[in-house]
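A short write-up of the structure that comes next.
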Amino acid sequence: MSVVGQPSVKAQTPSGAEPRAGRVAQSLIKFAFMLKTVWAVLAALILGAFLVQLAGGRPVAAYSALFEGAFADYYGISSTLVRMSPLLLASLAVIIPLRAGLFNIGAEGQIYIGALLSTLVALYLPEVLPSWIHVIACIGAGALGGALWGLIPAALKAYRGTNEIITSLLLSYVAVYTVGAVLHAWLMEPGAPYPYSREIPDALVLPTFLSETEAHIGVLIAVAAALVIAVIFRQTTLGLSIQTVGHNPHAAVYAGLDVKRLTLSSFALGGAMAGLAGAFEVLGLKYRLFDHFSPGYGMQGIIVAFLAALSPLGSIVAAFFLAGLQVGAGAMQRTTGIDTTMVEALQGMIVLFVAIGLAFRYHPERWSRRVAAWQKPTQGE
Amino acid sequence: MQAVPSRISLEGIVKTFGGFRANDDVSIHVAEGSIHAILGENGAGKSTLMNIIYGLYQPDAGRILSRGREVKISNPRQAMALGIGMVHQHFKQVDTMTVTENVVLGLPGRPVLNLAQDRKRIIDLAQELGFDIDPDQPMWSLPIGMQQRVEILKLLYRQADLLILDEPTSVLTPSEIKPFFNLLSRLRSSGRTIVLITHKLDEVMEMADRVTVMRLGRVVANIEASETNSRELARLMVGRDVIFDVTRTPPRIGSPVLEVADLVATDERGLSALNGLSLTVKAGEIVGIAGVDGNGQRELAETIAGLRKASAGTVKICGQVADRLNPAERKRRLRMGFVPEDRQKVGLDLDSDIAFNMVLRSFRLPPFSRHGWVDFAKIKTHAKQLAERYDVRMRGVGQRARDLSGGNQQKIILAREMEDEPELLIVSQPTKGLDVGAIDFVQRTLLAQRDRGTGILYISTELEELLMVADRLAVIFNGRIVGELPVSEATPERLGLLMTGKAA
Amino acid sequence: QAVKVAVALPGVITDKAFNQNVHDGLVKARETLGAEVAFTENVSQAEQVEVMSDYARRGYQIVVGAGGEYTDAAKRVATRFPKVRVVVLNGAPTQGVATVNFKNEEFGYVLGLVAGRVTKTGTAAAISAQQFAAFTTAVDGFKAGLKAAKPDGDVLVAYTNDWADVAKAKEATLNLISKGADVFMPYLDAGWVGVVQAAQERNAHTVGILHESDNNLTTARLDFARALVDAIGLFQKGQLEAKDYRIGLTSTDQLGPFNSAVPEAVRQEVQKAIEDIKSGKLNPAKG
Amino acid sequence: MFDFLLDPAQLTDFLSTGLRLSIPLIFAAMGGLVCERSGVFNIALEGQILFGAFGAAVGAYFLGTPTGGLGFALLFGALSGLLLAVLGITLRVNQIVIGIAVILFSTGFTSFMSRVLFPGSGNSLKLQGFGPVAIPYLSDIPVLGPVLFSQDALVYVALLTVVAVYLVLFKTRIGLSIRAIGENPSAADSAGVPVFRLRYACVIAGSTLASLGGAYLVLTQVFLFSDNMSAGKGFIALAAIVLGRWQPQLAFLACLLFGFFDAFQLRLQFNHPEIPFQVFAALPYGVSILALVGLMGQAHPPAAVGRPYDREMR
Ligand SMILES: Nc1ncnc2c1ncn2[C@@H]1O[C@H](COP(=O)(O)OP(=O)(O)OP(=O)(O)O)[C@@H](O)[C@H]1O
Ligand SMILES: Nc1ncnc2c1ncn2[C@@H]1O[C@H](COP(=O)(O)OP(=O)(O)OP(=O)(O)O)[C@@H](O)[C@H]1O
Ligand SMILES: [Mg+2]
Ligand SMILES: [Mg+2]
């Protein structure tokens, strides 16, 4: 019989006595992992360079146009910010319910209904109120619209167990058609060349914070919303409760949480974010309700949400990135004349590569083993 | 060293998880045709080691030899090809499929299924083993002991000759253990090799030929069963002497803290589980619920805790009718603690950290939060204190609950529910899967609670345990209490009759 | 010095319809007028102002929004860049912006007239993706023309909801055929091909807007390419004003070749109708 | 409103339209169903239809035969499936993200390449497609004959696909394994099922099926490629899978439900010009929601769907 000495729990990091070179190599590798998103974008751009070449463009010129157009000049940045606002809000509409374990792929519909309600309040609430109150009412109506539309799949889920992914998706189509039908039957400006409503009163147009651009304060509100959501999830019992429901509904019941109510409220809160995006498109950008006004913000919001690994703060960065990519791609097209469709393909590739990059994680022990293996032959010499 | 050839040998196995060494230079030789027990505290690395043999985990270092030949087992299929079969600690079954489908799954054969034929063969094999199994039942609907029989059937259907059984007896009721051991003996005499993981030392002494004891990822002893005894094994495992007899003072009984009257409730399938059950627990006493698993124990606990709706009857806690209160309110207002039977599904949020799990049921209350704002610093200190007191083996309170071993998960729940000064405490199978040190600790803590005046309802299928800690026993059968008696008058025979509904 | 022209397009330049037609205009302007041209395809509504402003900033003197939905964006860009001439095709008359419109009802009337003379069932149909002004006015004219030829005739209208969905357009047409329609006026982007295919398969006819094909009776050349070239020419002469330009139907040149299924008499009748519209004797929206 | 149901000619057209609108949905839904049953969420169906359509156009254009088109469609579908599998199964990238990224990429890539490969011809390509195949005798039955038995070859393929998917999933050994890895991959792995290999196979096969939906659009419906011609069909197919509770036969019915209501709404539109057409356009979606809500009981997706399997995770 053999009794081995008693190991302690602490002394279990693999070999503390690594050679110096090994440690340097390891920290370099760690650093390289931190930059994985950068590598991903680079890889996509290199692959995309072939497409650019194929489209008859010069990659370097094209890419510098992309970068400048998105981030390096006043108007580019403002466009990026304007685009970022709906993407960010749409991503919050995905993130909040997903933390409760519910997948909302219907942000698009919530955006449309938010825009519709906001427009109705803008056009039909009597202009007796001070305009700033009226503006707030319009914004609130947008949030309310989105929340109500989001409540439908949530309620079906909570009370009937209906799959919320599909109901929210189908309801998106219904929402887009609803806006079309309301415009057609009622709201459309007489003689308009395209289905759109009357213009909202000037007093209700959201102020801009960068002159001569479309950069409306909705952008700032969106960022503020993301911060608030982040705080809710990090610091409040509501956030923790939603998260517990998402992790394990049985444990949530055991913890005394009202799972149905949290289902409803997380979806409604998410919908409200999407609704805000709709309201801002009307109040800050188009000043009217247009048929088919969203270029797919709902779906893009899903991408942002996942690129941000479902973190509201990360969403700010991811939305800024994706918005910059879109704006820059447009600028690249205008500067160099490269085909728009190629630019779309490039965007898809970049998103794909960034997603791949995010999947790679740094495992210290694995790399320390590998580094040690590399060093063996050199030490033998 | 080995006269008998080694069926499987592990040499210098190392396995790390995120820098943590779960197995640290482990070497074991399992002799052909033997029953080899592996013992160790919760989290010692037993399951990890078995998963390595079965090809589910890849070791970072070390060799595996099957019948003396070095092998690389990179997936379970290769393990199966080497004649290795495993029953996991948490069963791996497809709940939605039937017994037959689960048994057939993964086997080679004609592309078109012929389940009728398999079904027949399963029935034959089951008969041979003395199992009473309905092959057409979906897996989820089977009681857990039955599920285990299906798992064993699965291995034998695949003609495994090395059976790895990870804590098989922790899910069995006492009456099921005897035939189970008989089966193991028969399997051994038919030439099969068995690796048995368990926390029950008397089982080891009864069954095993050889014993390996693990501590903190290392092998601390490799020893013939005939050369040792329970006490020594316990000391090797835990690192200190474990005293199995608890000293108890007579109870100081107070007023009732739990009054259950004519409770009626149904289970998930809508079948009646409680049929007018009545029961009282007073302050300062431990009432044990004895019974064969599946006679309404789980439903009783859940109904009292507020997780299940009663269709009739009332539950009074500390003199107040509790029927309309949710679990949190019962805990907060009526000072009721509850240790659920299913720790992973109900008791814990596995994806959150240990600290949060320590306050899972109270994070919305002061001092852990105020006006909706959470005070994480308080939660953390609180968790650290509890973890220390309950000896939770972890890397820190920020670690995910999922990554802990089962025993340590159980300790989190116990700590949380007991440290809140409850007046009523419902504990359901509190020692399931715990090592001897931990069981000892839990029982002492429960007795201390009792002496402080808490009324405890102790539900367990382990008779010995009940006889050791309870003051009074109530026997449950078919959703009703069929007999109550002070523990001094309880004998296993008398209880046995009551538990099978043969005496009233 | 070359004049610089930029266009924002809602669709793609390969649709063999509106977008491609506008793009053709750009190409022609480059070739014949030496203009420096640029364009962006698939401009979403949210980026209209961004795209048009960016062109204005880059020194393009004429910035065109191809479609009525650009009217608002154009107004904003025109205010912000008073030196730039902003043009909207199919746009609503707007202060500070040059809008170019065809008198859709006149073209529609003539197409309806031809359809009415050729139809055997007395039922024709118009198909678009969305309901919008240019289409509805064309349909008004189409109805009036059809009724002039066949007083008890009828015009059905269907929307596919997607400018480019060929399959949907084809199915809509097939169903309209079984409902009795035998002449079709598609007002679509890429989707028109589906209408033509269905008509060919079932021996029905189309009257085209821009496009031509075998079964096509005749085509209304709502020729934005030419309009665009003309506008640029005016600009070069310093004459392109911020006003509403309306292009009427004044000669058979603006129609495509007649199909053999259209009798000579009908061709004469068309000629006559054009004269009457020009002289004001005929109100094409009312008949 | 329903008068067309009484006229055989109109009824035949209505039913044929409904069936034709359903076919791409059926292919995509069966493909998606196979993926989801194996535990992989394939949200990229929309992009794969597009890849299939593009592949069909490329094949038919350069090889000059519809069979060539079919071959390329299958190839493109399989490649897109391989991409999804490598990323989603081996690299464990979030399946939702890669799905959407593939959709984005497919839209741009196919439009762009169609300009490079078919310069100037765009949507006026006139590709060789498959013609209808009349089944003797059966095709003479009034109404049903023309609708069901004198259809294009790919229509029969679609119907056979449904049967095949059903039989494979529920009557074969490999089907049992597929259902198991979608439900509990860890259990299946432990029982000896090659989880990774099988998921690869399902994703590639499923993606290939979805691409057939695109091939159908090009080779039997419109004989040309046009930008973004999938037009949302992939998303509807996703809905049909859920509506059909992950059962092939029910998902098939869900696709028909959708296709027929789409055909129906086209008819309602021109019968009721006074009502905004959007009301009708929304009809198939609304009906699907009602059907989803109205069905008794809950539908549970395969338990492991969307979660990459990692052996060493607890
Ligand atoms: N997949 C994993 N990821 C991270 N940590 C793990 C994993 N598997 C095991 N561990 C850790 O390894 C240690 C050993 O766990 P293991 O399950 O082998 O213990 P055990 O001896 O079987 O305990 P018990 O008796 O409680 O079942 C534990 O600390 C556990 O947290
Ligand atoms: N723990 C793991 N988690 C995720 N992927 C793994 C893991 N182990 C192996 N793989 C992947 O699966 C592939 C096959 O590995 P392995 O042969 O061990 O699995 P398997 O069960 O036999 O599956 P298959 O036979 O289908 O490949 C490897 O190439 C690797 O990419
Ligand atoms: Mg274990
Ligand atoms: Mg393998």
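- Atom CH2 of W373(B) is separated from atom CD1 of I232(A) by 8.5 Å, given to the nearest 0.5 angstrom.
- Counted within 6.0 Å of CD on E329(B), heavy atoms from surrounding residues, nucleotides or ligands total more than 12; the atom is thus considered enclosed.
- Closest approach of A328(B) and G256(A) over heavy atoms only: CB-CA, 3.4 Å.
- Using a 4.5 Å heavy-atom cut-off against chain A, the contacting residues of residues 345-356 of chain B are K345(B), V346(B), G347(B), L348(B), D349(B), D351(B), S352(B), F356(B).
- R416(B) touches chain A through its side chain: at least one heavy atom from C-beta onward sits under 4.5 Å away, while N, CA, C and O do not.
- Side chain of R361(B) to backbone of Y254(A): a donor-acceptor contact under 3.5 angstrom is found.
- The heavy-atom pair separating R364(B) from S241(A) by the smallest distance is CD-OG, 3.8 Å.
- Here N357(B) contributes atom CG and H247(A) contributes atom NE2; the two are 10.0 Å apart, rounded to the nearest 0.5 Å.
- If you measure heavy-atom distances from I413(B) to chain A, the contacts under 4.5 Å come from the side chain alone.
- Nearest heavy-atom pair, T237(A) versus V374(B), reported as atom, atom and distance to 0.1 Å: N-CG2, 3.5 Å.
- Heavy-atom pairs under 4.5 Å with chain A peak, among P340(B), G306(B), A305(B), at P340(B).
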